Amino acid sequence: GRLEGILDGVYPPNEVNIAQALEETYMLERLVEDLRLLTMAESRQLHFELKETNLVELLRKSITLFTPQAKAKSTEIELRSDQEVVLASVDPQRIEQVIANLVGNSLRYTPANSKILLTIEKIKEDITLKVADSGPGVPEDEIPYIFDRFWRGEKSRARVSGGAGLGLAICKQLVEAQGGTISAKNRAQGGLEVTIQLPANNSPQ
């Protein structure tokens, strides 16, 4: 609509109006890509390259990528693990995408001067990975629906940077396709905690 307005002479073709139209175009591009990825994951058409992956190293890499954004909010991202190496047979790119979605969500909702906590532990052949934030949490009656398509926490976790509510749905599909499970709950001290359970050895479902 803004581009049509520029063509019709309603908006001047200046840098501000063109930049806003370009930003909306990028948002549509991300939406289409997210829908494509989600549809392929739901229909099990995504290709997974499983390899033995050190999840502790992968989490450290994810934290490094988000460090500048976290510093801008005076927010600390902490990793807790009692092991230097936690190996799992996963697609590292897909797991990294899941972690990026979860940490990105937490950064959007967590207030300044707080902490996002990532924990990982391996007990026998089960691996548990958690991402916990200090945000407002989610109403208890909405918890069962947060991994659904287009769910958005409008009432409690207000979005300040847009989004179509597909990130958590994508996380669910990517985790389950690798033999894992994902769940969420509110923390007693405030905030949301998302838990991923992965088998150390698995094959795509």
Side-chain angles (χ1 to χ4, degrees), residues 1-43 45-49 58-59 61-77 91-116 118 131 133-139 142 145-175 177 182 184 191-192 194:
R2 185 170 294 274
L3 288 173
E4 288 179 348
I6 292 173
L7 288 174
D8 293 340
V10 177
Y11 299 111
N14 55 34
E15 182 177 347
V16 172
N17 286 321
I18 293 174
Q20 289 176 345
L22 184 61
E23 182 179 353
E24 293 296 323
T25 303
Y26 288 151
M27 288 179 62
L28 284 172
E29 183 180 20
R30 289 195 297 270
L31 174 59
V32 170
E33 174 58 25
D34 283 350
L35 284 169
R36 185 192 69 84
L37 175 62
L38 185 56
T39 299
M40 291 184 67
E42 288 174 340
S43 59
Q45 294 180 15
L46 272 184
H47 175 65
F48 288 82
E49 295 185 7
L58 187 148
L59 289 175
K61 178 182 176 183
S62 297
I63 289 174
T64 299
L65 292 174
F66 279 98
T67 294
Q69 188 177 342
K71 285 185 176 180
K73 289 190 67 174
S74 300
T75 296
E76 178 186 0
I77 306 177
D91 184 322
Q93 181 180 356
R94 299 302 184 188
I95 293 298
E96 189 172 349
Q97 186 173 3
V98 170
I99 300 304
N101 276 346
L102 296 179
V103 174
N105 277 346
S106 292
L107 276 172
R108 280 195 290 271
Y109 303 128
T110 298
N113 301 304
S114 56
K115 177 185 291 187
I116 296 169
L118 280 64
V131 178
D133 63 45
S134 305
V138 173
E142 295 186 28
Y145 309 108
I146 69 172
F147 296 103
D148 292 350
R149 279 187 181 212
F150 303 115
W151 179 89
R152 293 179 58 174
E154 300 286 354
K155 297 178 181 178
S156 59
R157 294 166 71 90
R159 293 180 181 269
V160 295
S161 58
L166 294 174
L168 290 178
I170 290 173
C171 288
K172 181 176 186 291
Q173 293 299 325
L174 294 182
V175 169
I182 187 169
L192 188 71
V194 178

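As the structure is a prediction and not an experimental result, all values here were calculated from the model. Just so you know, these numbers use all the heavy atoms, side chains as well, and skip hydrogens, waters and symmetry mates.
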Hey, could you give me the [atom1]/[atom2] distance between [X] and [Y], rounded to the nearest 0.5 Å?
X: Lys73; Y: Arg108; atom1: NZ; atom2: CZ; answer: 10.0 Å
X: Glu4; Y: Tyr11; atom1: CD; atom2: OH; answer: 10.5 Å
X: Arg94; Y: Ile99; atom1: CZ; atom2: CD1; answer: 14.5 Å
X: Gln69; Y: Ile77; atom1: CD; atom2: CD1; answer: 8.0 Å

Which heavy atom of [X] sits nearest to which heavy atom of [Y], and what is that distance?
X: Ile170; Y: Gln97; result: CG2-NE2, 4.4 Å
X: Thr75; Y: Ala112; result: OG1-CA, 4.2 Å
X: Ile63; Y: Thr67; result: O-OG1, 2.7 Å
X: Glu96; Y: Leu58; result: CA-CD2, 4.0 Å
X: Phe147; Y: Leu168; result: CD2-O, 3.4 Å
X: Pro13; Y: Ile6; result: CB-CG2, 3.7 Å

Keeping the roles fixed (side chain from [X], backbone from [Y]), state whether a donor-acceptor pair exists under 3.5 Å.
X: Thr110; Y: Leu107; answer: no
X: Ser134; Y: Lys115; answer: yes
X: Asp91; Y: Gln93; answer: yes
X: Asp133; Y: Leu192; answer: yes
X: Asn101; Y: Cys171; answer: no

Side-chain heavy-atom pair Ser106, Val131 within 4.5 angstrom cut-off: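 Yes, close enough: below the 4.5 Å cut-off.
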Residue pair Phe48 / Leu174, side-chain heavy-atom distance below 4.5 Å: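 Touching, per the 4.5 Å side-chain cut-off.
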